[in-house]
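Below is one structure, written out as structure tokens; the observations come after it.
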2 protein chains.
Amino acid sequence: MGSPKRTTIYDVAREAGVAASTVSRAFSNPRRVNAVTRGHVHAAAERLGYRPSPLASALQSGRTATIAMLVPDITNPHFFGAIRGAEGRARQADLTFILSNTEESAAKEQDQIERLSRSVDGFVLAASRLPGGAVADLARDHNLALVNREVEGIPSAVVDNDSGSGQIVDHLASLGHRSLVYLSGPEQSWSAGRRWNALRSAASEHGMAAERLGPFPPMTDAGGAAADAALARDATALVAHNDLLAIGVLKRLAERGVAVPEEASVVGYDDIFGADLCVPALTTLAGPGDRAGRAAVELLLRGGSRSGTLTDPHRVVLPSHLVIRESTGPAPVTGHSRRLLH
Amino acid sequence: MGSPKRTTIYDVAREAGVAASTVSRAFSNPRRVNAVTRGHVHAAAERLGYRPSPLASALQSGRTATIAMLVPDITNPHFFGAIRGAEGRARQADLTFILSNTEESAAKEQDQIERLSRSVDGFVLAASRLPGGAVADLARDHNLALVNREVEGIPSAVVDNDSGSGQIVDHLASLGHRSLVYLSGPEQSWSAGRRWNALRSAASEHGMAAERLGPFPPMTDAGGAAADAALARDATALVAHNDLLAIGVLKRLAERGVAVPEEASVVGYDDIFGADLCVPALTTLAGPGDRAGRAAVELLLRGGSRSGTLTDPHRVVLPSHLVIRESTGPAPVTGHSRRLLH
DNA sequence: CAACTCTTGGCAATCGCTTGCCATGTCCGG
DNA sequence: CCGGACATGGCAAGCGATTGCCAAGAGTTG
């Protein structure tokens, strides 16, 4: 940095004619010092352009006024909402906010937590790729809150994909589809498992067949393989793990001359930016990601995973809703399904 | 956190039977201590699960091994490349990386720099909204590197929009367009100014008319107003400040029944995710944002703005190239331009 | 073998702030 | 007018590392 020496509480103390401790208190514990004195201190600080050192403060007090959010892929629009929400809430609480990319790797995630541990008051883990056990272990030594992931006893905020998946199946069923395939996300993805379970059970309630394909990486590029796999199954309804994948599927389907939604319907999850721009516009399950992000920080503020209130391991579940666009339509009338209909 | 007490160098020292200073050196200055001793120390540390406290270390040494990147809008895909690049390079250098959103506000940007100042070694400012003078001032007290922004004497990495804008105009001219409008970005945006200048001068070289409209916020929502403004000018070629805006324009044009590219051509900047998904797919100027991000961190590592080498105020300029898709086409043949052609 | 240079480890001060504890001063009720 | 309860400011001991300086031992050299 430029300046030779930053001003410290001692400089301010001298300038204000009080002790350093008073300066400290004037800032971090205002009610502990007389209003008039406090005024002098602040004035002196102002004059000197004093800025407290978060480092020194944290070192002594153990509180860093900082939280970190770990995200598997920072460029995946799926996380935008949560990131914005978390960041906004953190700012409100006057916390500095660190965002970190774990590149879809459980190892990097764990490592990052370990590294940051001393410099942060808590972690928000978005769609953690860590196995449940590992998360529980970490929660013993660190302050955690989860987004779109649930682990027994750890505070979390999730978008309700269970009910959402039900909505998807309802929609598909009402369009006459008799079966669906789920193009699954990464194995370590908790959501992927949940979604599949919910889809399957909803499907069986409707008497629909359901099959799971994959896993596929949750990105557009993987759409080709996913679409091909689905086509090989003669599927008429494809539910993709997320919008990125769904958009990739749409692309591939177009290449192969499969008309959407006439010959096949496609559904995604997340309602990301771009879902309404692609052709046909994507039917997808939208959820309040930003609220999930806010909620997670909120939980952290309330104590996070270490707030071992035996009462309720704080869980926040946020409602999702299906946004119906153009990528879903009536099931194609061919083969024996045509016979059934006429 | 969970554990009652973290292990310190003193614990390790005792365990290894050496002095604390030796432990410290074993980690931060390995060659200062004998290989054998170092071995013992590391073993002891391992046994105790010791993790150095970045805070304590930073407090004394003044080095935090952390850099912060400030971005006007973290969810704007324009910045993804730069963010990824910067983050990657930082990770390589074993720096912890803080990402912070300034919400398009110069004040927040300045404030954030001030706040983080003591806890980071340097800043990467992406598309800073700060006036040049303010940046120069800050550079005196803080270590800065710029992305997609240039300020006299401060290291920066920019994508070459000047030449890029030339490419856009060339393309448009070769399609027979005789005039263009630039739908400008925010006033504080340095890029916006640069782009306009480059467009204008390239246009005049081609004998094309050029007009600037705006400013518009650089997001899809603003596309409506931008498109309307352009239409009111009878423009046949619209160059939008960025892809987000361009996509919004496309949307509005479709609503108003203006065929693209038959009746109007649209060009964007950045080639973000989604630019190839919208209909028609967007012609846009692509640049290596990730390399710009890497380069900026690199510059920071080399000393940043405080490395007052009077020699060259390190500037990195990265090449851009036009990606031609479907949103641009031959100028419409109507009115007197039809007469000219026949 | 004396005189020197290197290596290597330890001592102790320091970074800037927080906080437990104590000393005063003030204000009351009795 | 006295003792107790509060309010307020100061002292000094840390927090967990880094680092300048010193001393002892090892290795070299003439």
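Chain letters run A, B, ... following the sequence lines, proteins first and then strands; every chain starts at 1. Predicted model, so just to flag it, every value in this text is computed and none were measured.
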Open item on the list: Any base atoms under 4.0 Å from Pro54(B), or only sugar-phosphate, or nothing? Heavy atoms, all strands.
Closed with: nothing

TODO: Answer yes or no: is there an ion pair linking Arg129(A) with Glu109(A), defined by an N-O contact shorter than 4.0 Å?
DONE: no

Open item on the list: Any base atoms under 4.0 Å from Val23(A), or only sugar-phosphate, or nothing? Heavy atoms, all strands.
Closed with: nothing

Open item on the list: Tell me the interatomic distance from Leu59(A), atom CG, to dG16(C), atom P, rounded to whole angstroms.
Closed with: 12 Å

Task: Nucleotide dC15(D), atom P - distance to CG of Asp11(B) in whole Å - done: 11 Å

- [ ] Take Ser61(B) and Val33(B), find for each the nucleotide of DNA chain C with the closest heavy atom, and name the residue whose nucleotide sits nearer the 5' end.
- [x] Val33(B)

Open item on the list: Can you list, in residue-number order, the parts of residues 34-51 of chain A that come under 4.0 Å of DNA chain D, counting heavy atoms only?
Closed with: Asn34(A), Thr37(A)

Open item on the list: I need the CD-P distance between Gln60(A) and dA17(D), as an integer number of Å.
Closed with: 14 Å

TODO: Answer yes or no: side-chain N or O of Tyr10(A) and base N or O of dC17(C) forming a donor-acceptor pair under 3.5 Å.
DONE: yes

TODO: Could you check how far CZ of Arg118(B) sits from C1' of dC17(C), rounded to whole Å?
DONE: 10 Å

Open item on the list: Does a side-chain N or O of Thr22(A) approach OP1 or OP2 of dG9(D) to a distance below 4.0 Å, or not?
Closed with: no

Open item on the list: Tell me if a side-chain donor or acceptor on Arg38(B) pairs with a main-chain N or O of Pro30(B) at a distance below 3.5 Å.
Closed with: yes

- [ ] Give the B/S/- string for nucleotides 20-27 of chain D, one per nucleotide from 5' to 3', where a protein heavy atom under 4.0 Å of the base yields B, of only the sugar-phosphate yields S, and otherwise -.
- [x] BB------

Open item on the list: Once you apply a heavy-atom cut-off of 4.0 Å, does Ser24(B) come out as touching a base, just sugar-phosphate, or nothing?
Closed with: base

Open item on the list: In terms of relative ring orientation, are Phe27(B) and His42(B) parallel, tilted or perpendicular, with 30° and 60° separating the classes?
Closed with: perpendicular

Task: Side-chain N or O of Arg31(B) closer than 4.0 Å to phosphate OP1/OP2 of dC6(C) - done: no

- [ ] Please check if the side chain of Asp121(B) supplies one atom and the backbone of Ile67(B) the other of a donor-acceptor pair under 3.5 Å.
- [x] no

Open item on the list: Less than 4.0 angstrom from a charged side-chain N to a carboxylate O is my criterion; do Arg14(A) and Asp11(A) meet it?
Closed with: yes

- [ ] Would you check if there is a donor-acceptor pair between the side chains of Thr64(B) and Ser119(B) at a distance under 3.5 Å?
- [x] no

- [ ] May I have the distance from Leu55(B) (atom CG) to dG16(C) (atom P), rounded to whole angstrom?
- [x] 14 Å

TODO: Look at the side chain of Arg63(B) and decide which nucleotide, out of dG16(D), dT19(D), dC17(C), has an atom nearest to it.
DONE: dT19(D)

TODO: For side-chain hydrogen bond (donor to acceptor under 3.5 Å, both in side chains), just list the numbers for Arg115(B) and Thr96(A), CA-CA rounded to whole Å, side-chain angles, deciding distance to a tenth of an Å, and then say yes or no.
DONE: CA-CA 9 Å; Arg115(B) 296 176 49 110; Thr96(A) 88; over 6 Å; no

Task: Arg6(A) CZ - dT14(C) C1' separation (whole Å) - done: 18 Å

- [ ] Would you mind checking if Asp290(B) and Arg89(B) are paired as a salt bridge, meaning a charged N to carboxylate O distance below 4.0 Å?
- [x] no

TODO: Taking Asn101(A) for its side chain and Ile74(A) for its backbone only, find out whether a donor-acceptor pair lies under 3.5 Å.
DONE: yes

TODO: Would you tell me whether Ser117(B) and Arg51(A) have side-chain atoms, one donor and one acceptor, within less than 3.5 Å of each other?
DONE: no

- [ ] Calculate the interatomic distance between Asn29(A) atom CG and dG9(D) atom P; express it in whole Å.
- [x] 12 Å

